[in-house]
Amino acid sequence: MKNRSFLFSVAFVMLSVFSGGKAFATARIILNFKDETATIRANFNFFGEIREDDLKKATDTAQKLWSGLPYLENDHEVIPLELIVRGYHLKVKAELQMNILPSVAAAKEHAMKNQSPMNNYIRVEQTNKEFASATGSLGANAIHILYQDDLAGSTTLAHEFGHSMQLDHIQQAFTGIPRIMIERSFPAVEQKYKYNPEDPNSTINPRLRRVTQADMYDLASVIKKWPIEKEGDVEYVDIGWNTATKDKFLFREKMKRSFAEKWFGND
Ligand SMILES: [Zn+2]
């Protein structure tokens with residue numbers, strides 16, 4: 001099931017990339033050059049099958065991971081993360097909020113009126129009906145996620161949020177802590193990070209993924225694509241700002257056509 005889910009996931013992301021998916025705003029990165037901090041802000045609007053405790057845990061985990069903090073009881077390793085912007089080394093933390101939308105109809109209404117660059121719409125279900133855990137396209141603000149992928153106990157939400165911030169999968173083998181954007185069936189990590197450390201064919205244990213400095217280099221590349229805006233003393237980048245249409249924060253037509261029936265179709 002895991003492998004099948006994974007294939008769906010890849011096909012889904014790839015399809016969206018090749019269909020020329022433009023970006024949606026999905027997160028605001030506050031850049032404070034005085035304090036040398038960068039704060040990743042986003043809202044997760046959950047709808048579908050709601051289990052509040054699980055969703056809270058998943059959100060907390062995503063916030064910890066994107067702040068470089070461990071989330072597993074036996075992992076105490078803090079990974080200092082910095083975003084290098086304009087030559088400044090900004091210390092990174094994430095502030096991720098969760099919001100429960102009571103019905104699919106309410107979620108649809110919220111999305112259609114969305115004016116915030118930080119809103120992501122996350123449909124949650126127990127098992128796979130239409131899609132595996134997936135993000136609409138790189139940079140999309142619509143995510144689909146399954147409890148069967150160990151949502152509460154794992155790094156799935158943090159991974160999908162990475163896609164939402166336009167980060168793609170890591171393809172090359174490497175040593176050290178597995179990066180958050182590694183796919184579930186990826187085999188080329190050190191044995192100790194696999195489901196079965198004794199088996200060379202075993203795949204990565206996704207619970208052991210962490211956001212690392214390498215992911216920050218990738219995120220810094222994403223940030224370069226968008227303008228740094230200023231409001232008073234605050235400077236920020238809205239990831240996914242669409243310069244072509246100026247349609248900053250709406251749940252866009254393309255998304256409505258391509259995915260709404262799947263995301264919002266069945267209550
Ligand atoms: Zn992925």
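Read the numbers this way: they start at 1 and go in the same order the structure lists the ligands and their atoms. Predicted model, so just to flag it, every value in this text is computed and none were measured.
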Atom of H159 closest to the Zn ion (ligand 1), considering N, O or S atoms: NE2
The side chain to side chain donor-acceptor pair (under 3.5 Å) partner of Q126 among R51, Q148, E49 is R51
Ion pair check, D53 and K57, cut-off under 4.0 Å: no
Could you pull out the atom name of the N/O/S atom in H163 that is nearest the Zn ion (ligand 1)? NE2
Is it true that, when you exclude Y88 itself, more than 12 heavy atoms of the residues, nucleotides or ligands shown sit nearer than 6.0 Å to its OH? no
Atom name of the N, O or S atom in H169 that lies nearest to the Zn ion (ligand 1): NE2
Aromatic rings H159 and H169: how do their planes relate, parallel, tilted or perpendicular, breaks at 30° and 60°? parallel
